[in-house]
Structure formats: C-alpha cells, structure tokens
Amino acid sequence: MSTDFNGTWNIISNDNFESYMQALDIDFATRKVANLLSPQKIIEQKGDSFIIKTISTFRNYEVQFTVGEEFEENTKGLDNRKCQSLVTWDNNKLVCVQKGEKKDRGWTHWIEGDKLYLELNCENQVCKQVYKKVPPA
Ligand code: VLZ
C-alpha cells in the first residue's frame, strides 16, 4: 500500500522560494506577487494516478500523471517550458524528474502525520515547502 496523498493542503512554510523562482528565470514582477501567495495543493490520487492542483489567488497550475509513465509537461503559467517528466516512488516519497532545459529539475513529495512536504529543485536551488491538511468537511 502506497501513501495516500488525497486531500486539500494549505501551505504553512516556504523556504528559498525566491531563489527557486530565480533559477527558473521567473521575472521580477511575477516573483514579487508569487512570494505573497499562500498556495493550496489539492491532490486527487487513485492508486498510481495523480492530479496535483496548485491553487492561488494569482494563478493555478495542474499536473496529471501516472507513476512510472513519462509524460510531456508544459509548465504553462509558471516558467512556460516543456519538460519530459517522470514520477516514481522512492519508498513512500513521490519523486518527479523534469528533464529539459534546466538541470537537476524536479520535486519530491512526502507525508508525515498531517503534513505534506514538498521539495522543489532547479539547478543549485532547493525550495522547501510544508503544507497542513485541511480536515475533510
Ligand atoms: O508543484 O511544481 O506539487 O506541479 C512557482 C511559479 C512554481 C511562480 C511552483 C508562480 C511550482 C506562482 C509548483 C503561481 C502559483 C509545482 C508540483 C508539486 C506539481
């Protein structure tokens, strides 16, 4: 049985986000706005099939994938690049490698208790985010 990521998660900390966005060449004005956001993750998981929605008052981003199946990701509204992305399990961690123009790009998600962790990597930068589960209604 793999970890259950289903649910709505609210961000509670966001370390090194600015440098991560700079590594993605996100422009100054977008970074200023993005730094003020409190994004939410909405994750819909059925087995190895995932939809991860990143929701904010400024912009939304959605990615759909099946673990183990490479797909073309278009990071529309973020840095607007194309990547060949592959998500795999590393024990209970969900690890995405985003092959493309940027080196060492990807992310890792895992859960501890009622917290969802996310590390976003690009070039030499690591952004560490923590989300807290919103209790189901
Ligand atoms: O999340 O890749 O949960 O897609 C920030 C761009 C990049 C700034 C955020 C614009 C990347 C802000 C989020 C608009 C929200 C991301 C993955 C893991 C799934």
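Ligands are counted one by one from 1 in listed order, and the atoms in each one are counted from 1 as well. Quick caveat: nothing in here was measured; it's all calculated off a predicted structure.
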- Task: Heavy-atom distances under 4.0 Å are what count here, so tell me which part of M21 touches ligand 1: side chain, backbone, both or neither.
- Result: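 Just the side chain.
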- Just heavy atoms, cut-off under 4.0 Å: does I26 contact ligand 1 by side chain, backbone, both, or neither?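 It is the side chain that gets close, since no backbone atom is under 4.0 Å.
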So if I count the atoms of ligand 1 from 1 in the order they appear, which ones are less than 4.0 Å from some heavy atom of [X]?
| X | answer |
| --- | --- |
| I52 | 3 (O) |
| V63 | 4 (O), 19 (C) |
| L120 | 2 (O), 16 (C) |
| F17 | 5 (C) |
| Y61 | 4 (O) |
| K41 | 1 (O), 3 (O), 13 (C), 16 (C), 17 (C), 18 (C) |

Quick one: look up the protein heavy atom nearest [atom] and list residue, atom name and how far away it is.
| atom | answer |
| --- | --- |
| atom 11 (C) of ligand 1 | L78 CD1, 4.0 Å |
| atom 12 (C) of ligand 1 | A34 CB, 4.0 Å |
| atom 15 (C) of ligand 1 | R59 O, 3.6 Å |
| atom 18 (C) of ligand 1 | H109 NE2, 3.3 Å |

- What residue among E44, Q40, Q64, E62 forms side chain to side chain donor-acceptor pair (under 3.5 Å) with K53? E44
- Query: Within 45° of the ring axis of W9 and under 6.0 Å from its six-membered ring centre, is that where the NZ or CZ of K41 lies?
  - Reply: no
- Query: Out of D15, L120, V126, N121, which residue meets the side-chain contact (heavy atoms from CB on, under 4.5 Å) rule with Y20?
  - Reply: L120
- Message: Ignoring hydrogens and geometry beyond distance, is a side-chain donor-acceptor pair present between W89 and D48 at under 3.5 Å?
- Response: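 Checked: W89/D48 side chains pair up, N/O donor to acceptor below 3.5 Å.
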- Distance only, no hydrogens: is a donor on one side chain within 3.5 Å (strictly under) of an acceptor on the other, for Q129 and Y131?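 Yes, side-chain donor-acceptor contact under 3.5 Å.
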- Message: Ignoring hydrogens, what is the shortest heavy-atom contact between Q98 and S85? Give both atom names and the distance.
- Response: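 Taking Q98 first and S85 second, the nearest heavy atoms are CG-OG, 3.6 Å.
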- Check whether any side-chain N or O of D27 sits under 3.5 Å from a backbone N or O of T30 as a donor-acceptor pair, and report yes or no. yes
- Task: Could you tell me whether the side chain of Q22 reaches within less than 4.5 Å of the side chain of Q125, counting heavy atoms only?
- Result: no
